[in-house]
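Below you'll find the structure, written out as structure tokens, and then a few comments.
Quantities reported herein were computed from a predicted structural model and do not represent experimental measurements. Counting from 1, the numbers follow the sequence of the chain as shown.
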Amino acid sequence: MGDYEGDKRAKDAQLRAQINERLIKSGERERLKNELRKRLIECGWRDELKAYCKDVVREKGLEKVKVDDLVAEITPKGRALVPDSVKKELLQLIRTYLSQQSSF
């Protein structure tokens, strides 16, 4: 059973890489990023994460915070704060794009 799971993960990773490559080459990835950025601003995600960053900097002190450390701390929270509706919408846009492609 372990081999099956490993094979499945490898195939999934390969498929994700192929999809990503196609999205990049077609310019669709940039369009999707812009759409995601717009939706995150509309739903207040950006402002909420910005406030969280300010709290972290205030708590640790401006002189003691390194950018890499700040990114490492806020990334999990940022991902968790993305509304499910935005995730579903982006996934649907990707599926629609792929369904319009002949080899996927």
Side-chain angles (χ1 to χ4, degrees):
M1 188 149 129
D3 288 341
Y4 171 77
E5 289 174 10
D7 290 346
K8 182 166 176 18
R9 269 190 238 127
K11 287 179 183 178
D12 287 350
Q14 183 179 15
L15 183 59
R16 276 194 303 276
Q18 289 173 346
I19 291 169
N20 195 40
E21 183 179 336
R22 178 164 294 187
L23 291 171
I24 291 169
K25 284 182 178 177
S26 69
E28 185 68 8
R29 185 169 191 260
E30 195 62 34
R31 190 188 77 74
L32 290 169
K33 278 175 41 178
N34 289 335
E35 184 64 28
L36 177 60
R37 187 176 295 115
K38 182 179 104 181
R39 291 289 293 123
L40 290 174
I41 290 169
E42 287 172 355
C43 74
W45 175 91
R46 184 175 183 240
D47 292 336
E48 196 171 344
L49 199 60
K50 187 176 179 180
Y52 179 67
C53 285
K54 287 180 179 180
D55 289 345
V56 170
V57 170
R58 207 174 295 120
E59 181 182 304
K60 295 184 181 230
L62 183 60
E63 301 302 319
K64 295 180 182 178
V65 175
K66 294 179 183 168
V67 173
D68 291 342
D69 295 339
L70 182 61
V71 169
E73 184 160 339
I74 68 167
T75 296
K77 177 136 181 130
R79 287 183 177 149
L81 288 174
V82 175
D84 285 342
S85 61
V86 173
K87 292 176 189 177
K88 288 176 185 174
E89 185 179 330
L90 187 63
L91 187 57
Q92 187 56 48
L93 289 171
I94 294 169
R95 285 182 176 144
T96 300
Y97 170 77
L98 293 175
S99 71
Q100 295 169 350
Q101 304 302 302
S102 60
S103 63
F104 268 98

More than 12 heavy atoms of other residues, nucleotides or ligands under 6.0 Å from NZ of Lys87: is that the case? yes
Donor on one side chain, acceptor on other, Arg31 and Asn34, under 3.5 Å: no
Regarding Asp55 and Arg58, does a basic nitrogen lie under 4.0 Å from an acidic carboxylate oxygen? yes
Could you see if Val71 belongs to whatever hydrophobic cluster contains Val65? Use Ile, Leu, Val, Met, Phe, Trp, Tyr and a side-chain cutoff under 4.5 Å. no
Give, for atom CG of Leu70 and atom NZ of Lys60, the distance between the pair rounded to the nearest 0.5 Å. 8.5 Å
Residues passing the salt bridge (Lys or Arg N to Asp or Glu O under 4.0 Å) test with Lys33, sequence neighbours excluded, are Glu30
Assigning hydrophobic clusters by single linkage (Ile, Leu, Val, Met, Phe, Trp, Tyr; side-chain heavy-atom cutoff under 4.5 Å), is Ile41 placed with Val86? no
Quick one: pull up CD in Glu89 and CZ in Arg39 and give me the separation to the nearest 0.5 Å. 4.5 Å
d(Arg29 CZ, Ile19 CD1) to nearest 0.5 Å is 12.5 Å
Strictly distance-based, threshold 3.5 Å: is any side-chain N or O of Ser99 a donor or acceptor partner for the main-chain N or O of Thr96? yes
Looking at every non-hydrogen atom in both residues, tell me the closest pair between Leu49 and Gly78 and how far apart they are. CD1-CA, 3.7 Å
Evaluate the side-chain proximity of Tyr97 to Leu93: yes if any heavy-atom separation is below 4.5 Å, no if none is. no
CD of Glu59 to NZ of Lys64, rounded to nearest 0.5 Å, is 11.5 Å
Consider only side-chain heavy atoms of I, L, V, M, F, W and Y, link residues closer than 4.5 Å, and tell whether Leu15 and Leu23 are in one cluster. yes
Decide, yes or no, whether a salt bridge links Asp7 with Lys11 under the criterion of side-chain N to carboxylate O below 4.0 Å. no
Pairwise distance CG(Leu91) to NZ(Lys88) - rounded to 0.5 angstrom: 10.0 Å
If two hydrophobic side chains count as joined below 4.5 Å and joins carry through other members, does Val67 share a cluster with Tyr52? no
Nearest 0.5 Å, what's the CZ-CZ distance between Arg9 and Arg16? 10.5 Å
Lys38: partners by side chain to side chain contact (heavy atoms under 4.5 Å, CB included), with sequence neighbours left out: Glu35, Glu42
